Amino acid sequence: MQKDIVLSVKGVTKSFGGLKALSKINLGIGKGEIYGLIGPNGAGKTTLFNILTGIYTPNQGTFNLDGKDLAGLKPHLIVKAGLARTFQNIRLFGNMSGLENVMVGFHVRTKTGVMGAVFRHYRAREEETNLRNKSKSLMDYVGLDPELTQPSTTLPYGDQRRLEIARALATNPKVIALDEPAAGMNPTETAGLRDLLVRIRRDGITILLIEHDVKLVMGLCDTVAVLDYGKKIAEGEPKEIKANPDVIQAYLGGELS
Amino acid sequence: MINKVFYLEKFKSFQNPKIVWLGYSLVAITLAILPFIIEASIGRTWVRILDFALIYGMLALGLNIVVGFAGLLDLGYIAFYAVGAYTWALLASPQFGLHLPFWLIIPIGFVVAGFFGVLLGAPTLRLRGDYLAIVTLGFGEIVRIFLNNLDHPINITNGPVGINLIDPISVGGYALTRTQQIAGVNFSGAHIYYYLLLVLLLACIFVCIRLENSRLGRAWIAIREDETAAQAMGINTRNMKLLAFAMGASFGGVAGGVFASFQGFVSPESFILLESIMVLCMVVLGGMGNVWGVVLGTLLLAILPEILRDISSPIQESLLGGVWIDPESLRMVLFGLALILVMLVRPSGLWPSKKH
Ligand SMILES: Nc1ncnc2c1ncn2[C@@H]1O[C@H](COP(=O)(O)OP(=O)(O)O)[C@@H](O)[C@H]1O
Ligand SMILES: [Mg+2]
């Protein structure tokens, strides 16, 4: 079956000094799917995210979102184009409350400038009320209490992960890239996260998911790609991946079965 | 939930509009008669000291946008104060024979200083932390050295001598630095400038609070908290940093202009590194990021050294039976000790931002 590709990565290569972190990576992420990216530690998954979100520039290769070439653009323009992310090591705005973190996510979709901020004319007030309400519903959506005022870094770990997802969703992305969102979660939290990801997909947002929890990935993803030492060694439906001898050999064979 | 109800009960009086208005009126009346009380009780020089405290307040609020909100450590901030002061001095003094009215020079000073903010901010965009501090420190010194040397080949600034006979702000032909009789009450220049500066400071406070609680303020604070995450959330960090530099510099520019017109004289000596550090201390001591904390820090640091000046001789005489230590040095020693003490006891400032 031919997929409708929303994010396509072509020949992306990245070296750090002598180390080739990624070599000639090609990926095609279909519209509306959950696309899993797995591989042992150091395989280059996070590096690929950093390239896709403009933090690193690739040595070679391009990638485009809905046909728009994004390689080499500044991070904020990539977010504007519709690709948002979370971080493997949580990076919230620590001293802000949860709600304020989400409100920052709306920055790219709002316009208020100095005049609007200082004089709070009608349009600025309307925009602010609007984004505050939307931020509150996003907090609800991921299962957090919007009224919490404590600094976000003092929230429980699982909540911080979900807050990062809410903040990324606030940028109104076409594709959301999640870097190990289940890391450090207990089984109940992981089950909740799973439900959340299913809901996000149902609401029409494509998910690119790096995850170590193989069971979660195999149960949830429509397509899975496997990286090993910076190379893509397999791509396909979860059951194909599970049966792929290269994957079993290169990567934790035991865990896949 | 129980906590919340309790909280509301406890502060119900703050929500009663009558009590709120009564509070505001009391504050307003106090501020209005303050210079008279001060003059009657401790003398007119203290009204001038209060005026300078208000000027420092504007500077500290401007620097707070850069350091407190956006988290960009700027050690050369006084340069914008200098730019504002010299802009006024050149446009309203015999130096070039220009005598523009204040309502024209204030916006010009605002824009010129803001422009310098962008000019000095742009090369530092990639720098973080210590490196940024070193470069801004250098910029501050460069501006001062320029002012010191721009008396040749063409004389622009009069060099180290400075510019004298600067026009005061005047309204309808009345110079505000002269004593005026209004409704039978004598208002000295220091009194009149007090009201002017108070209005300007309140306007600065208003602008800062509005900015902080807006899309822009949130973006600045996001950059302060985690620059990479801020970028990854779609914030154009370059533009937001330049905006912070420009806004902060504009406040400094207006403060500098009013300072020049009040003092009637400017020279490069007023814009040394120590002044940058002093303003930074006001921001840090009061509570970086919190507008009211910054105002409190400014009042304390602008007034405390003057109090120490007055009491360091009498205290020595009564304790040691004579003046043994130069009062000027002793004053700075005590001042330094006070700063260290406050920072040890309250490391995030006297009145920290709740977001810190
Ligand atoms: N900024 C960097 N500088 C040097 N090496 C890096 C950098 N970022 C990642 N690497 C290296 O690239 C390789 C891939 O890392 P990473 O993408 O984090 O792996 P993964 O997320 O798959 O665990 C690792 O060997 C890592 O040490
Ligand atoms: Mg990783």
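In what follows, every chain begins at residue 1, and chains take the letters A, B, ... in the order their sequences are listed. A quick note: this is a predicted structure, and the numbers were derived from the prediction, not measured.
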Between H107(A), E127(A), R167(A), which shows the greatest number of heavy-atom pairs under 4.5 Å with chain B? H107(A)
Please determine, among R218(B), M233(B), R215(B), Q231(B), the option with the most heavy-atom pairs under 4.5 Å with chain A. R215(B)
Does any heavy atom of chain B fall under 4.5 Å from the side chain of [X], the backbone, both, or neither of them?
X: T171(A); answer: side chain
X: E164(A); answer: neither
X: L131(A); answer: side chain
X: F106(A); answer: neither
X: R120(A); answer: both

Among I65(B), L119(B), T124(B), find the residue that satisfies the side chain to side chain contact (heavy atoms under 4.5 Å, CB included) test when tested with F245(B). T124(B)
Contact summary for [X] and [Y], nearest pair of heavy atoms:
X: E211(A); Y: V217(A); result: CB-CG2, 3.4 Å
X: T112(A); Y: A117(A); result: CG2-N, 3.5 Å
X: W88(B); Y: I169(B); result: CH2-CG1, 3.6 Å
X: T86(A); Y: L178(A); result: OG1-CA, 3.4 Å

Cation-pi check, R128(B) onto Y131(B) ring (under 6.0 Å, within 45° of axis): no
By a 4.5 Å heavy-atom criterion (distance strictly below it), what part of L243(B) contacts chain A: side chain, backbone, both, or neither? side chain
Contacting region of L216(B) [heavy-atom separation from chain A under 4.5 Å]: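 Side chain of L216(B) only, per the 4.5 Å heavy-atom cut-off to chain A.
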Between D179(A) and T46(A), a side-chain donor and acceptor under 3.5 Å: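 Side-chain D/A pair, D179(A) to T46(A): present.
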